[in-house]
Amino acid sequence: MKIILLGPPGAGKGTQAANIVKNYNIPHISTGDIFRKNIKEGTELGRKAKEYMDQGNLVPDELTCDLVASRLSEKDCESGFMLDGFPRNLFQAEYLDKFLSEKGIELDRVINIEVDPKLLVERACGRRICKTCGATYHIKFNPSKVEGICDVCNSELSQRPDDNEETVSNRIQVYISETKPLVEYYTEKGKIANIDGARDIDEVFGDIKNILS
Ligand code: AP5
Ligand code: MG
């Protein structure tokens, strides 16, 4: 199964990706997570990416595309993969198409999670992430059992530095101008599956399972 998760910041890509991994056991490739790991480890890539991420802007394509190509070339991606947050503009989509066609790989589906921008700021600003295992919560919509503590591994929860109102608003604008055109791009290719993401997490996942079955 080779799929892409598309959708604005806070749409629920990461949340649904975790459900998909549990059910379908395919590698979850999130460019945002890869950049955050590099920032945590203090690498050169992390230092460069942070400048853009803190503003809510896209990290340049030359830092992003080869990274994804090399991750997709790893053995665990041979039988399937799930891209989350890549591609994010037309250049990246065309780059991915070229990479996949050279390898004789065909994408199965692009799952487009649609959520009204009005809901996105509250979703992103209320998000809490486990520092250790990466589990995602929301203070109102998906709270942990004990406030500030991860249900899975008991570690402390934290907030992403780009989850503040100003940066989220810019991320939404960047999504509209750079990423949203990909909905049409993949619709024309007959790959898109649109999902109403403004419902309960389990209901959204129910739709995803129907699409993937
Ligand atoms: P990235 O990490 O990809 O962030 P994003 O696309 O902005 O998306 P988010 O992770 O914020 O949202 P999500 O859809 O995963 O939502 P989640 O499931 O967590 O990218 C970060 C940055 O990295 C970018 O700004 C850019 O700088 C850089 N970058 C990354 N990829 C790049 C690329 N390809 N090119 C260039 N730059 C790149 O859910 C959000 C919250 O809502 C959670 O609290 C969750 O619990 C809650 N929630 C989820 N679903 C529901 C629901 N159905 N109902 C109620 N609450 C829900
Ligand atoms: Mg995410």
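Heads up: numbering here begins at 1 and tracks the sequence. Just so it is clear, the values below take in all heavy atoms, side chains as well, and ignore hydrogens, waters and symmetry mates.
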Backbone of P161 reached by a side-chain donor or acceptor of N164 within 3.5 Å: yes

Basic-acidic side-chain contact under 4.0 Å: R127, D162: no

Interatomic spacing from CD1 in I195 to CG in D207 - rounded to 0.5 Å: 5.0 Å

Flag side-chain contact, heavy atom, 4.5 Å: R71 against D76: yes

pair Y52-L58: side-chain heavy atoms closer than 4.5 Å: no

Pairs touching residues 138-183 that satisfy ring pair (Phe, Tyr, Trp, His ring centres under 6.0 Å), sequence neighbours left out: H138-F141

Same apolar cluster: L100 and F91, side chain cutoff 4.5 Å: no

Minimum-distance pair of heavy atoms, taken over all atoms of P87 and L6: O-CD1, 4.0 Å

Single-linkage hydrophobic cluster L90~I192, side-chain heavy atoms < 4.5 angstrom: yes

D151 side chain to K145 backbone, donor-acceptor under 3.5 Å: yes

Any donor-acceptor pair under 3.5 Å from N57 side chain to M53 backbone: no

Stepwise side-chain contact (heavy atoms from CB on, under 4.5 Å) test for K103 and S101: CA-CA 5 Å; K103 299 242 170 198; S101 76; over 6 Å; no

Check: Y95/N89 side-chain N/O donor and acceptor closer than 3.5 Å: no

Side-chain donor-acceptor pair present, D97, Y185, cut-off under 3.5 Å: yes

Salt-bridge criterion met for E41 and K37 (N-O under 4.0 Å): yes

Nearest heavy atoms of A198 and V115, plus distance in Å: N-CG2, 4.0 Å

Test item: Q92 side-chain N/O and R88 main-chain N/O as donor-acceptor pair under 3.5 Å: yes

Nearest-0.5 Å distance that lies between atom CG in D202 and atom NZ in K209: 8.5 Å

Interatomic distance, I29 atom CD1 to F86 atom CZ [nearest 0.5 angstrom]: 10.0 Å

E156, CD: over 12 other non-hydrogen atoms inside 6.0 angstrom: no

Test: K48 and E51 ion pair at under 4.0 Å: no

pair L72-L96: side-chain heavy atoms closer than 4.5 Å: yes

I149 and S155: CA distance, side-chain angles, deciding distance, side-chain contact (heavy atoms from CB on, under 4.5 Å) verdict: CA-CA 6 Å; I149 302 293; S155 300; over 6 Å; no

K2 (side chain) donor-acceptor with R109 (main chain) under 3.5 angstrom: no

Over all atoms of both residues, closest heavy-atom pair of C125 and Q159: O-NE2, 3.0 Å

Short N-O contact, D163 and R123, less than 4.0 angstrom: no

Between CG on residue D196 and CG on residue N112, distance to nearest 0.5 Å: 11.0 Å

K50 NZ: over 12 foreign heavy atoms closer than 6.0 Å: no

Pairwise side-chain contact, D54 with T167, heavy-atom cut-off 4.5 Å (strictly under): no

Check: Y186 side chain, I111 main-chain N or O, donor-acceptor pair, under 3.5 Å: no

Over 12 non-hydrogen atoms of neighbours within 6.0 angstrom of CG in N210: yes

Hphob cluster co-occupancy, V68 + L107, side-chain heavy atoms under 4.5 angstrom: yes

Heavy-atom check, side chain of L45 versus side chain of L67, under 4.5 Å: yes

Pair N170, Q55: side-chain N/O donor-acceptor within cut-off below 3.5 Å: no

Pairing of K191 and E106 as salt bridge, 4.0 angstrom limit: yes

In one Ile/Leu/Val/Met/Phe/Trp/Tyr side-chain cluster, 4.5 Å: L5, I211: yes

Nearest heavy-atom neighbours spanning I208 and I20: CG2-CD1, 3.8 Å

side-chain contact (heavy atoms from CB on, under 4.5 Å) assessment of L182 paired with V110: CA-CA 10 Å; L182 299 187; V110 176; over 6 Å; no

P143 to K140 - nearest heavy-atom pair and separation: CD-O, 3.8 Å

Spacing of L63 atom CG and E44 atom CD [to the nearest 0.5 Å]: 9.5 Å

Minimum side-chain heavy-atom gap R160-R36 below 4.5 Å: yes

Neighbour count >12 (heavy atoms, 6.0 Å) for atom CD, E114: yes

Smallest separation among heavy atoms of T31 and G85, with atom names: OG1-O, 3.1 Å

Note, V121 side chain near I172 side chain (heavy atom, < 4.5 Å): yes

Spacing of NZ belonging to K131 relative to SG belonging to C150, to within rounding of 0.5 Å: 12.5 Å

Within-4.5 Å side-chain heavy-atom neighbours: T15 and V204: no

I129 vs Y137, side-chain contact (heavy atoms from CB on, under 4.5 Å): CA-CA, chis, key distance, verdict: CA-CA 6 Å; I129 308 275; Y137 301 88; over 6 Å; no

Hydrophobic cluster identity match, I176 and V174, side-chain contacts under 4.5 Å: no

